[in-house]
Amino acid sequence: MRFEGSFLAVQPQDRLECGICWWVYDPETGDETRRIPPGTPFAELPEDWCCPGCDAPKHKFMVTE
């Protein structure tokens with residue numbers, strides 16, 4: 001796992017984990033809660049997207065390895 005805010009250098013296939021509640025965004029599955037379709041990379045999420053588990057902003061996400 002990289003440092004908090006590591007989403008800035010995220011690759012399209014990277015999974016990211018919320019640094020607050022540990023919810024994982026997987027681009028293969030998208031985000032059903034916020035109607036993000038499967039195949040959407042983290043970098044292409046809307047600016048106002050936030051964690052469906054705790055409402056944390058995007059900068060709280062870390063790339064998982």
Side-chain angles (χ1 to χ4, degrees):
M1 184 176 306
R2 297 179 205 162
F3 60 90
E4 183 173 309
S6 63
F7 74 92
L8 297 173
V10 66
Q11 300 299 310
Q13 73 281 0
D14 285 345
R15 298 175 63 209
L16 288 94
E17 184 173 68
C18 177
I20 305 296
C21 73
W22 313 118
W23 186 87
V24 174
Y25 179 78
D26 185 343
E28 288 187 19
T29 58
D31 174 7
E32 186 174 299
T33 303
R34 304 214 189 267
R35 299 183 181 188
I36 303 296
T40 304
F42 190 84
E44 293 182 15
L45 292 175
E47 286 302 314
D48 63 344
W49 181 88
C50 57
C51 177
C54 68
D55 291 332
K58 288 172 70 174
H59 73 269
K60 291 292 186 183
F61 277 74
M62 301 169 280
V63 176
T64 62
E65 294 182 298

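As a basis for the values below, the full set of heavy atoms in this structure was taken, side chains included, without hydrogen atoms, waters or symmetry mates.
Side-chain atoms of Met62 and Trp22, non-hydrogen and from C-beta on, do get closer than 4.5 Å to each other. The side-chain heavy atoms of Pro52 and Trp23, taken from C-beta on, include a pair separated by under 4.5 Å. Side-chain contact between Asp14 and Phe42 is absent, with no heavy-atom pair separated by less than 4.5 Å. Side-chain contact check for Tyr25 versus Leu45: some heavy-atom pair is nearer than 4.5 Å.
Among residues two or more places apart in sequence or in another chain, the side-chain contact (heavy atoms from CB on, under 4.5 Å) test is passed with Pro46 by Ile36, Asp48, Trp49. Residues passing the side-chain contact (heavy atoms from CB on, under 4.5 Å) test with Pro38, sequence neighbours excluded: none. Checked against side-chain contact (heavy atoms from CB on, under 4.5 Å), Cys50 has the following partners two or more places apart in sequence or in another chain: Arg34, Asp55.
The only option from Val24, Asp26, Val63 that meets the side-chain contact (heavy atoms from CB on, under 4.5 Å) definition with Glu17 turns out to be Val24.
The OG1 atom of Thr40 lies 14.5 Å from the CZ atom of Arg35; values are rounded to the nearest 0.5 Å. Considering CD of Glu28 and CZ of Arg15, their distance stands at 8.5 Å, rounded to 0.5 Å.
Of all the heavy atoms in Pro12 and Pro27, the pair that sits closest is O-CG, 3.5 Å.
With a 6.0 Å radius and a threshold of 12 heavy atoms from other residues, nucleotides or ligands, Gln13 has its CD atom above the threshold.
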